There are 2 protein chains.
Amino acid sequence: MTVTFKDVKADLLDKIAQGIMAPGTLMPNEMDLAERYGCARATVNRAMRELADEGIVERKRKAGTRVRKAPIRQARFSIPIVREEIESKGSEYRYALIDRTLQDVPDWLRGRLALKPGQEVVRVVCMHWADGIPYQHEERWINPEIVPAVLEADFSANGPNEWLLAEVPFSNAEISFMAVEATQDLADHMGCFAGNALFRTERTTWLKETAITFVRLTYRRGHRMTTRY
Amino acid sequence: MTVTFKDVKADLLDKIAQGIMAPGTLMPNEMDLAERYGCARATVNRAMRELADEGIVERKRKAGTRVRKAPIRQARFSIPIVREEIESKGSEYRYALIDRTLQDVPDWLRGRLALKPGQEVVRVVCMHWADGIPYQHEERWINPEIVPAVLEADFSANGPNEWLLAEVPFSNAEISFMAVEATQDLADHMGCFAGNALFRTERTTWLKETAITFVRLTYRRGHRMTTRY
DNA sequence: AAGTGGTCTAGACCACGAC
DNA sequence: TCGTGGTCTAGACCACTTA
């Protein structure tokens, strides 16, 4: 059996985890490792590159590869579509549109989306339920310049999230997580009390350099967002 | 100039973003693309593999590569050390130990850490300030079986986080984000009112299959955790 | 100046899985 | 069955960065 990059990676990881290669240690260069493992340099390169991508080691030309003293601990979150999130738990998904208006972009949002004063945006407010229990409150603003079809879109049956995913192929985004105290209005929708702590995510989505949408997702009381890394 | 995998990747991304390759589209196979771009198949492979890693496309042997209908939107968070987080904002970092005890593992934690009843754990409570303002409250339990040195460790000058990072080289973890209402005790420490909504992360860290530590980090009111993707 | 990683190439073999 | 991606190889050139 030939030595694969996964073999090399696993062995290096093991040596790091066992403390044989302590944080700060300078690792052998690719050529030496290739010889030691009996494989090509490209194989070692792939293994070490992945370790670097994962923040375990740090690579510099000429300086070599070192085990990171303080590994960059990074978590990867997949941002699910709420329908799938609910249905994957075996719950019944329900959706309702609360409000849909065309309005001048509010000042606080103008900066975020880099829009001109007086420009119009579509604001959509809706709710998502799991087994009839409030799950998530969604408040969204959409820039109709990029997605003109939003002016015709009817969000009474399906949420704007799924609609946008189908309409806009690919985008980059900025996302924030925070805790908020429920307003009376939010509390009414979420079936909790005003002032209760709720978990919220805010996301601004861009296509190239122009903002498409800003969304505020507020989850029911006690919601946790979890991941492994 | 030769064609690099970044060139290929950027061009493919562009075609996807422009809708030339719409979601669901079957992309040409690696050999054809290599010929079209005038490069080796390995170059195309690297470009497409990275697109797959980022959740933009989906690859299956024999079936080929498709643009994902619903791209896996995933965010990468780097989990910073509090001290660095604060100092990188140009603020002055301050730390204080609140409590340090050796106690029987509480029932609710036993399951999380997979410990035996009656086993002892070290509990550390401490605070982190930025410019003298409460920034983060830390409550941590450490398994002394894995890190016996914790029994001798004195956390009066430095937080257990940095200490653990130096002691335990590498680990995997599960992390959760949530919103909580401040208890009176928390409120006293954080300089807010009981009931205020606070952002909290909880993290369980493992070395191989054994739990090292469970930590509960509660941030000051209004804190946001932000990332781009 | 010189060593290290970054990448490309051309060819090869193989495993998966759709047909 | 057989096309597609997954990976390895051996060699090469280059860019960065530090000594």
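Note that the structure is a prediction, hence the values are computed from the model and not measured. So that the names make sense, note that chain A is the first sequence line, chain B the second, and so on, each numbered from 1.
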Checking salt bridge (charged side-chain N to carboxylate O under 4.0 Å, His left out) against Glu58(B), which of Arg49(B), Arg66(B), Arg68(B) comes through?
Arg68(B)
Rounding to an integer number of Å, can you tell me how far Asp32(B) CG sits from dG3(D) P?
13 Å
Can you measure Arg66(A) atom CZ to dG5(C) atom P for me and round it to whole angstrom units?
11 Å
Expected output is a numbered-order residue list: members of residues 7-16 of chain A with a heavy atom under 4.0 Å from any atom of DNA chain C. What is it?
none
Can you pull the ring pair (Phe, Tyr, Trp, His ring centres under 6.0 Å) pairs that have at least one residue in residues 48-78 of chain A, sequence neighbours excluded?
Phe77(A)-Phe177(A), Phe77(A)-Phe77(B), Phe77(A)-Phe177(B)
If a pair satisfies salt bridge (Lys or Arg N to Asp or Glu O under 4.0 Å) and one of its residues is in residues 122-144 of chain B, list it, with sequence neighbours excluded.
Asp99(B)-Arg123(B), Arg123(B)-Glu139(B), Glu138(B)-Arg140(B), Glu139(B)-Arg216(B)
Not counting sequence neighbours, list each pair that qualifies as a salt bridge (Lys or Arg N to Asp or Glu O under 4.0 Å) and has a residue in residues 17-27 of chain B.
none
Counterpart residues, side-chain hydrogen bond (donor to acceptor under 3.5 Å, both in side chains), relative to Thr226(A) (two or more places apart)
Ser176(B)
Hits for salt bridge (Lys or Arg N to Asp or Glu O under 4.0 Å) against Arg46(A), two or more places apart or cross-chain, chain-then-number order -> Glu50(A)
Starting from P on dT4(D), measure out to CD on Glu35(B) and report it in whole angstrom.
13 Å
Donor-acceptor pairs under 3.5 angstrom involving side-chain atoms of residues 13-22 of chain B: please list them, not counting sequence neighbours.
{"from": "Asp14(B)", "atom 1": "OD1", "to": "Lys208(A)", "atom 2": "NZ", "distance (Å)": "2.7"}
{"from": "Asp14(B)", "atom 1": "OD2", "to": "Gln18(B)", "atom 2": "NE2", "distance (Å)": "2.8"}
{"from": "Lys15(B)", "atom 1": "NZ", "to": "Asp11(B)", "atom 2": "OD2", "distance (Å)": "2.9"}

Heavy atoms under 4.0 Å is the rule here; annotate nucleotides 5-13 of chain D 5' to 3' with B where the base is hit, S where only the sugar-phosphate is, and - elsewhere.
BBBSB--B-
List for me each residue that meets side-chain hydrogen bond (donor to acceptor under 3.5 Å, both in side chains) alongside Ser88(B), sequence neighbours excluded, and say none if there are none.
none
